[in-house]
There are 2 protein chains.
Amino acid sequence: MGRTRADMIIETRAKLISAGRRTFAAKGYAATSLEELTAEAGLTRGALYHHFDGKRGLLEAVIDQIDAEMTERLLEIFDQSESRWEGFTNELVAYVEMATEPEIQRVVLLDGPAVLGDPSHWPRQLTCLQMTMGNLQQLMEEGSIRTVNAEAMSHLISGAALLGSLWIANTSDPERASRELVESLMVLLSSLLPLPQGSRPAWP
Amino acid sequence: MGRTRADMIIETRAKLISAGRRTFAAKGYAATSLEELTAEAGLTRGALYHHFDGKRGLLEAVIDQIDAEMTERLLEIFDQSESRWEGFTNELVAYVEMATEPEIQRVVLLDGPAVLGDPSHWPRQLTCLQMTMGNLQQLMEEGSIRTVNAEAMSHLISGAALLGSLWIANTSDPERASRELVESLMVLLSSLLPLPQGSRPAWP
DNA sequence: TAGTTGACATACATGATGTATGTCAAGAGG
DNA sequence: CCTCTTGACATACATCATGTATGTCAACTA
């Protein structure tokens, strides 16, 4: 009933990931020293190199954990929505607001792609993005939205949300920016709704 | 008529920026050694630290130069278009395709934001982004598109284009992905066109 | 109880950045 | 034409970060 060995391992990994989240978010990946990161966790670099594949490996683990939390939060929001379309849009709005949090923005959205490359090719690619694409496909099958290429469209939409969040977080009045961005986002998303026959004007 | 001193300086800076473009694009910012970068330019790190504010400073200069070239190419495309709306969309399509080039993608779109932060707050913020916003405002004044917040919308659109390009460049069939992405992008942009009265259905 | 595994710490080698100092040619002035 | 000063660039040095190799001691196994 005392601390078994496996428990210690789990605890150590958790401490390292936790310190990683704090330090990466506060100082950025490049400016983070593993020495002080591990010291903050009450460990040494030896532990880190034993459990993870170096600095990169820790970043991957940190991003995985943050992504899991994001997914959970988004799923909850989706479940509380009335329709699938409403859930889809609510999720995106929530995503934009979440992406304003420094931990997510700095670690997942800025350093992540720079260090690990294209998010859609990560080992465990961002579950949030997959949710967006899945929703699009379901909505198309339901006939709730127009037929488009779900993959391409989901990348466009998540990209819009990403840069939008970056803008919000760095503006002097984030509240106002957030409202304006969500409003504009809904305009863009409205193009997914099915067209009444012939109602769309030809481009000027 | 011989090499004057000012000419040498310009030449040296150009050599450093040129080497920076190559090396940053090929190996990424973090993995680039200033020693080999300057050696490739036939110089030493002393020259670099004399002319630029360290590694960051060189990156800024490199991005400035690339951005200037992008702007030039985009302006040309805009000028060859019939209407402002067509110029706007042509520009975006061209942007997506340009952002597929490794130099632009790696240096400007991945490492740039990670090292220098939010692009819209860069010392000389990306001219391309400003062009998008300017176009939106003009189109709104003309009455060619609906009234939206130009700033928010331009961030959304450029973000969509950015992540879309990232996807294209890392897919196994870039040609096909490019077509699909442009098609989806045009769907999203169609939401900017003015609505015939009451033709837009309420959301389900 | 003794032996083995492995979690983690310590020690070391390598290389990168940034800075301080040195050198030598280009331009200014008498 | 000669000297002095400026500054473009190179060299030398200090610091520090990563990664790896080695060591140690507690936990499981037989």
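All values below were derived from every heavy atom in this structure, side-chain atoms included, with hydrogens, water molecules and symmetry-related copies excluded. Here the structure is a predicted model, which is why all the values come from computation and not from measurement. Order of the sequence lines sets the chain letters (A, B, ...), proteins ahead of strands, with each chain counted from 1.
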>> Looking at A/E36, I want to see if its CD is surrounded by more than 12 non-hydrogen atoms of other residues, nucleotides or ligands under 6.0 Å.
In response: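 Yes, because the 6.0 Å sphere around CD of A/E36 holds more than 12 heavy atoms from other groups.
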
> So does B/E142 have more than 12 non-hydrogen atoms from other groups sitting under 6.0 Å from CD?
Replying inline: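 Above 12, so yes.
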
> Which nucleotide in the set D/dA10, D/dA8, C/dA9 lies at the smallest distance from any side-chain heavy atom of B/I9?
Replying inline: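 Within the option list, the nearest is D/dA8.
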
>> side-chain contact (heavy atoms from CB on, under 4.5 Å), that's the test. Do B/Y49 and B/T38 meet it? Break it down for me.
In response: CA-CA 10 Å; B/Y49 281 94; B/T38 49; over 6 Å; no

>> Just to verify, which of B/E91, B/E97, B/E101 counts as forming a salt bridge (charged side-chain N to carboxylate O under 4.0 Å, His left out) with B/R73?
In response: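 Exactly one option meets the salt bridge (charged side-chain N to carboxylate O under 4.0 Å, His left out) with B/R73, and it is B/E101.
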
Do side-chain atoms of [X] reach the backbone of [Y] as a donor and acceptor pair under 3.5 angstrom?
X	Y	answer
B/K55	B/Y29	yes
B/S178	B/P174	no
B/R84	B/N135	no

What side-chain donor-acceptor pairs closer than 3.5 Å can you find for residues 60-70 of chain B, not counting sequence neighbours?
unit_1, atom_1, unit_2, atom_2, d
B/Q65, OE1, B/R21, NH1, 2.8
B/D67, OD1, B/T127, N, 3.3
B/D67, OD2, B/T127, N, 2.9
B/D67, OD2, B/T127, OG1, 2.8
B/E69, OE1, B/R21, NH2, 3.0
B/E69, OE2, B/R21, NH1, 2.7

Could you state the atom-to-atom distance from [atom1] of [X] to [atom2] of [N] in whole Å?
X	N	atom1	atom2	value
A/H50	D/dG23	NE2	P	17 Å
B/E36	C/dG15	CD	P	12 Å
A/M8	D/dA26	CE	C1'	10 Å
B/D7	D/dA8	CG	C1'	14 Å
A/H51	C/dC8	NE2	C1'	7 Å
B/L37	C/dG18	CG	P	13 Å
A/E11	D/dA27	CD	P	13 Å

>> On the nucleotide C/dA7, are OP1 or OP2 found under 4.0 Å from the side-chain N or O atoms that A/T12 carries?
In response: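 So the side chain of A/T12 is outside the cut-off, no N or O lying under 4.0 Å from OP1 or OP2 of C/dA7.
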
> Taking DNA chain C as the partner, which of residues 13-24 of chain A come within under 4.0 angstrom of it by heavy atom?
Replying inline: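 Listed by number, there are none.
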
Could you pull out the protein-nucleic contacts involving nucleotides 18-20 of chain D (nitrogen or oxygen on both sides, under 3.5 Å)?
unit_1, atom_1, unit_2, atom_2, d
D/dT18, OP1, A/T32, O, 3.1
D/dT18, OP1, A/L34, N, 3.2
D/dT18, OP1, A/K55, NZ, 3.3
D/dT18, OP2, A/L34, N, 3.2
D/dG19, OP2, A/Y49, OH, 2.5
D/dG19, N7, A/R45, NH2, 2.4
D/dG19, O6, A/R45, NH2, 2.7

>> Ring-plane angle category for B/W167 and A/H155, please: parallel below 30°, perpendicular beyond 60°, tilted otherwise.
In response: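 Judged by the thresholds at 30° and 60°, the geometry between B/W167 and A/H155 is parallel.
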
